[in-house]
Amino acid sequence: MKKQVKNNVFWVGKVDWELRKFHGDEYSTHKGSTYNSYLIQEEKTVLIDTVWSPFAEEFVENLAKEIDLNKIDFIIANHGEVDHSGALPALMKHIPNKPIYCTANAVKSLRGQYHQDWNFQVVKTGDKIDIGNGKELIFVEMTMLHWPDSMATYMTQDNILFSNDAFGQHLATEKLFNDQVDQCDLFNESIKYFANILTPFNPILRKKLGEITALNLPIEIIATSHGVIWRDNPLQIVEKYVQWANDYQENQITIIYDTMWNGTKKLAEKIAEGIGLADPDVVVKVHNLAKSDQNDLITEVFKSKAVVIGSPTFSNSILHSVAGFIHLMKELKFKGKKAAAFGCYGWSGESVKVINELMANAGFEVVSEGFRHQWYPDADAQISAVEFGKTIAKL
Ligand code: FEO
């Protein structure tokens, strides 16, 4: 059933309550998600984006209950990724010749995925389409936010920015708008989405946010492609993005480790104690990597000014869980964060050195040689770990 966004603009998307993993198994979605598709019924009838392919038939069926599909004048594909374009093949079977407006890169993406020669109409920043009743759609390329083909569409008069992935959250809700949902959920899912998806593109994002601001477009509504639509103070999420895109950090140190026989775990707890003693104001969080959600941990890293990484030595190296997580942090291109390493060992003891090298390679400033201990930490070693924590807090 379509839901009104404003005047003749309607939401015709899909709420995916069951979704627990997104991008394959790469991103945890504890609270599900939505795939937002929008129908504009002015003198022209326009569909903006569709839904993920498992819901394609349902989407087309529902849309056909709302309008005669032949009445759609054109489609806008703000982004070719399958969670927004996945219902195009099912829809285009009914209206094969209707134009699809998208960027040149989106043509490559849509052709590459669906192998169809649809009626693509390439647009670039500043191109406009008259949709009647004095309203226009203006396109703004959002290259690398987060794919090379991404773009946003702005609707004049109603002042709606259809921002696609930007400003979204993975949050399933029957409510359409930001003022209708739990604000903690909304904030947590927004920052997690930014930390896990947008962090690598911070320099581009800073430039693009500046460009959008310079366009001086009045924005009353930001209609994203995931989660709620921002209508109550919509610029609040833009302001957050400006903050987050500037190598964001809070007064937080996060300790992340994996452990085999709890020696490294004991060190983690003692290091946390030391940090807390040296700096009572700093937020210290301790996570066993093997028992934590990796995307939630990335959000903690995003908020941190420093991360302290621990692994026991295993086969002259580190546990693969720790290596994998450092790889994930490297992919996200964090800037301006410090790091230190720790770990227990039984024989050769390379883990701290390996972590230091990997963390430096991942773009972190390694501020200490690290702390390692042979065998399970006795009372003296535990005191040393507390002292190491104090040193880290000071560094
Ligand atoms: Fe929500 Fe980049 O797709």
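Remember, it's 1-based here, ligands and their atoms both numbered in the order they're listed. Given the structure is predicted, the values throughout are model-derived calculations rather than measurements.
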* Asked: Hey, is there an N, O or S on H146 sitting under 2.8 Å from atom 2 (Fe) of ligand 1?
  ->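 Given the 2.8 Å cut-off, H146 counts as a ligand of atom 2 (Fe) of ligand 1.
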* Asked: Any N/O/S of D83 under 2.8 Å from atom 2 (Fe) of ligand 1?
  -> no
Would you mind naming the N, O or S atom of [X] nearest to atom 2 (Fe) of ligand 1?
X: E81; result: OE1
X: D165; result: OD2
X: H79; result: NE2

* Check the surroundings of atom NZ in K108: do more than 12 heavy atoms from other residues, nucleotides or ligands lie under 6.0 Å from it? => no
* To do: Determine, stepwise, if the pair F325 / I298 fulfils side-chain contact (heavy atoms from CB on, under 4.5 Å).
  => CA-CA 9 Å; F325 191 71; I298 285 294; 3.8 Å; yes
* Asked: Do N119 and K98 have side-chain atoms, one donor and one acceptor, less than 3.5 Å apart?
  -> no
* Flag for T34-N36: side-chain donor and acceptor within less than 3.5 Å ->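 Result is yes, a qualifying pair exists.
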* Sorted by first residue and then second, give each salt bridge (charged side-chain N to carboxylate O under 4.0 Å, His left out) pair with at least one member in residues 21-30; sequence neighbours left out. => none
